[in-house]
Amino acid sequence: MTQHTSSTLVIPEVSAIPRHVAIIMDGNGRWASKRFMPRVAGHSEGLGAVRKIVQECRQLGVEYLTLFAFSSENWRRPPEEVSFLMKLFLKSLKGEVSRLAENDIRLRLIGDLSRFDSGIQEMVQFSEEKTAGCKGLTLTIAANYGGRWDILQAMRQSLVANPSLEPEQVSEELIQPYLSMAYAPEPDLFIRTGGEQRVSNFLLWQLAYTELYFTDTLWPDFDEAQLHIAFDWFSQRERRFGRTSAQLASESLSDAV
Ligand code: IPE
Ligand code: IPE
Ligand code: MG
């Protein structure tokens, strides 16, 4: 497995198209309420936006797309909504896996899957195995995921692997391999639809140097054109990673020589 180093330790390569895009798909409930439909109708409609954005990222050469589907806090929702989301999750895994494999898209799940029923757990395993050899795009679905859970489980695993560790030996390099997205570089671009400007316990560790983009568009309305706007915005960011603008300018001059 390729190891990726933290952006706080090594400055990553920068390109106009983000290598890794992470999205909080928010606003499904409001999309439905505006149309006098039940909230869950917004979740079904949101699946259409997922299909569009996955295909477009694949076409544009994005290497990793990570979608927040269900947070560790979303269990607090009304039981009928949670159970609808679980059914939709299982149904979409079943319905989409062949299409993903045909399009050379690898599917991975992150989050504490032990809380899901066995039908979902088995389908997750089947889908990951079926797409394991795909190389076009890695699509990660975060389900029962929480950023703090991720950091804690990585710390626990690293302590189990190194039981005689002294406190001063605890480092980023030690924890990094146990984070649930250790297989991917950190996100270059974070997108949140639905108007809220918060991170809601998504990839807390991995967002250290990610560009954050917020749009009022509700998730079911987010389409290819909206994604292009986000990518254009991203391409205009100056990613300094702690350096000054003048340092960046002199580096690009020396690269050109
Ligand atoms: C995001 O849309 C989907 C999930 C959290 C599963 P919401 O359901 O949060 O939609 P709003 O924010 O209530 O409009
Ligand atoms: C975040 O959306 C989680 C997902 C999109 C899966 P929420 O709508 O649950 O976020 P908060 O609770 O309003 O911050
Ligand atoms: Mg919401």
Side-chain angles (χ1 to χ4, degrees), residues 20-54 57 64-96 107-117 120 123-124 127 139-153 179-181 184 187 189-207 210-223 226-227 230:
H20 183 175
V21 180
I23 307 183
I24 297 189
M25 310 181 288
D26 197 19
N28 293 349
R30 279 164 285 161
W31 183 94
S33 300
K34 268 172 58 180
R35 288 163 178 77
F36 306 103
M37 289 153 87
R39 285 179 53 82
V40 295
H43 298 317
S44 302
E45 191 71 21
L47 192 59
V50 171
R51 286 197 195 99
K52 284 184 201 160
I53 296 310
V54 169
C57 283
Y64 299 89
L65 173 64
T66 303
L67 302 177
F68 205 3
F70 192 86
S71 76
S72 42
E73 290 68 41
N74 286 146
W75 297 106
R76 294 173 181 154
R77 293 195 175 195
E80 313 77 59
E81 182 168 341
V82 171
S83 114
F84 182 92
L85 283 166
M86 293 302 139
K87 284 193 200 110
L88 184 67
F89 184 34
L90 185 59
K91 198 174 116 190
S92 37
L93 278 174
K94 284 184 177 156
E96 303 294 324
L107 183 72
R108 302 189 78 146
L109 269 287
I110 56 166
D112 182 2
L113 297 181
S114 66
R115 201 161 161 191
F116 293 114
D117 71 33
I120 293 186
M123 195 57 211
V124 164
S127 312
L139 169 64
T140 301
I141 304 293
N144 192 21
Y145 178 87
R148 290 190 181 175
W149 164 83
D150 196 3
I151 296 169
L152 286 173
Q153 66 80 27
L179 289 166
S180 27
M181 291 217 74
L189 173 62
F190 161 100
I191 298 173
R192 182 173 186 144
T193 61
E196 308 295 353
Q197 303 201 356
R198 56 181 176 243
V199 174
S200 301
N201 200 16
F202 196 23
L203 302 158
L204 298 181
W205 177 290
Q206 297 86 343
L207 293 176
T210 304
E211 301 296 331
L212 306 179
Y213 178 85
F214 298 95
T215 171
D216 289 338
T217 304
L218 304 173
W219 177 250
D221 293 327
F222 195 79
D223 60 10
Q226 300 276 332
L227 185 74

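We count ligands from 1, going down the list as the structure has it; atoms in each ligand are counted the same way.
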For [atom], what is the nearest protein heavy atom, given as residue, atom name and distance?
atom: atom 2 (O) of ligand 2; answer: Arg192 NH2, 3.8 Å
atom: atom 10 (O) of ligand 1; answer: Gly29 N, 2.9 Å
atom: atom 13 (O) of ligand 1; answer: Arg39 NH1, 2.8 Å
atom: atom 1 (C) of ligand 1; answer: Met25 O, 3.0 Å

Are any of the N/O atoms in Asp26 less than 3.5 Å from those in ligand 2?
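So ligand 2 has an N or O lying under 3.5 Å from an N or O of Asp26.
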
Any non-hydrogen atom of Gly194 lying under 4.0 Å from ligand 1?
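Checking ligand 1 against Gly194, which is what was asked, there is no heavy-atom contact under 4.0 Å.
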
Parallel, tilted or perpendicular: which describes the rings of Tyr145 and Trp149, with under 30° parallel and over 60° perpendicular?
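If you compare the ring of Tyr145 with that of Trp149, the planes turn out perpendicular.
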
Taking 2.8 Å as the cut-off, does Glu196 contribute an N, O or S atom near the Mg ion (ligand 3), distance below it?
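It does not; every qualifying atom lies at 2.8 Å or beyond.
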
Nearest heavy atom to atom 9 (O) of ligand 2 wins, so pick from Asn74, Asn201, Asn144.
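When every heavy atom of Asn74, Asn201, Asn144 is considered, Asn74 comes closest to atom 9 (O) of ligand 2.
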
Tell me, please, which residues at least two apart from Phe116 pass ring pair (Phe, Tyr, Trp, His ring centres under 6.0 Å).
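Per chain and number, Phe116 pairs via ring pair (Phe, Tyr, Trp, His ring centres under 6.0 Å) with Trp75, Phe89.
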
By number and element, which atoms of ligand 2 are closer than 4.0 Å to a non-hydrogen atom of [X]?
X: Ser200; answer: 10 (O), 11 (P), 14 (O)
X: Arg77; answer: 7 (P), 8 (O), 9 (O)
X: Phe70; answer: 6 (C)
X: Arg198; answer: 11 (P), 13 (O), 14 (O)
X: Ile24; answer: 1 (C), 5 (C)

At what distance, to the nearest 0.5 angstrom, does CG of Leu88 lie from CG of Leu93?
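Result: 9.5 Å between the selected atoms.
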
NE2 on His43 to CD on Glu81, rounded to 0.5 Å:
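These two atoms lie 3.5 Å from each other.
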
Would you indicate whether Arg51, at its atom CZ, is surrounded by more than 12 heavy atoms from other residues, nucleotides or ligands within a distance under 6.0 Å?
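Yes, the 6.0 Å shell around CZ holds more than 12 heavy atoms from other groups.
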
Should we count NZ of Lys91 as having more than 12 external heavy atoms under 6.0 Å?
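Open.
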
Contacts of type side-chain hydrogen bond (donor to acceptor under 3.5 Å, both in side chains), residue Thr193, not counting sequence neighbours
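Result, side-chain hydrogen bond (donor to acceptor under 3.5 Å, both in side chains) vs Thr193: none returned.
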
With a 4.0 Å heavy-atom cut-off (strictly under), which part of Arg76 contacts ligand 2: side chain, backbone, both or neither?
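Neither; nothing of Arg76 gets under 4.0 Å from ligand 2.
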
N or O contact, Asn28 vs ligand 1, cut-off under 3.5 Å
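Yes: some nitrogen or oxygen of Asn28 is under 3.5 Å from one in ligand 1.
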
Using a strict 4.0 Å threshold on nitrogen-to-oxygen distance, state whether Asp223 and Lys52 make a salt bridge.
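Salt bridge absent between Asp223 and Lys52.
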
Atoms of ligand 1 less than 4.0 Å from Ala69 heavy atoms?
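Within the 4.0 Å cut-off of Ala69, ligand 1 contributes 6 (C).
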
Which of the atoms of ligand 1 are close to Arg30, meaning less than 4.0 Å from one of its heavy atoms?
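Counting atoms of ligand 1 from 1, those under 4.0 Å from Arg30 are 11 (P), 12 (O), 14 (O).
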
Check all N, O or S atoms of Asp26 and name the one closest to the Mg ion (ligand 3).
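Going through the N, O and S atoms of Asp26 one by one, OD1 ends up nearest to the Mg ion (ligand 3).
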
Looking only at non-hydrogen atoms, find the nearest pair between Leu218 and Arg30 and report the distance.
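The answer is CD1-C, 4.1 Å.
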
Minimum heavy-atom separation for Phe202 and Leu67, please, with both atom names.
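Result for this residue pair: CZ-C, 4.5 Å.
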
Is it true that Asp112 and Gln153 share a donor-acceptor pair across their side chains at a distance under 3.5 Å?
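The criterion, which ignores hydrogens and geometry beyond distance, is not satisfied for Asp112 and Gln153.
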
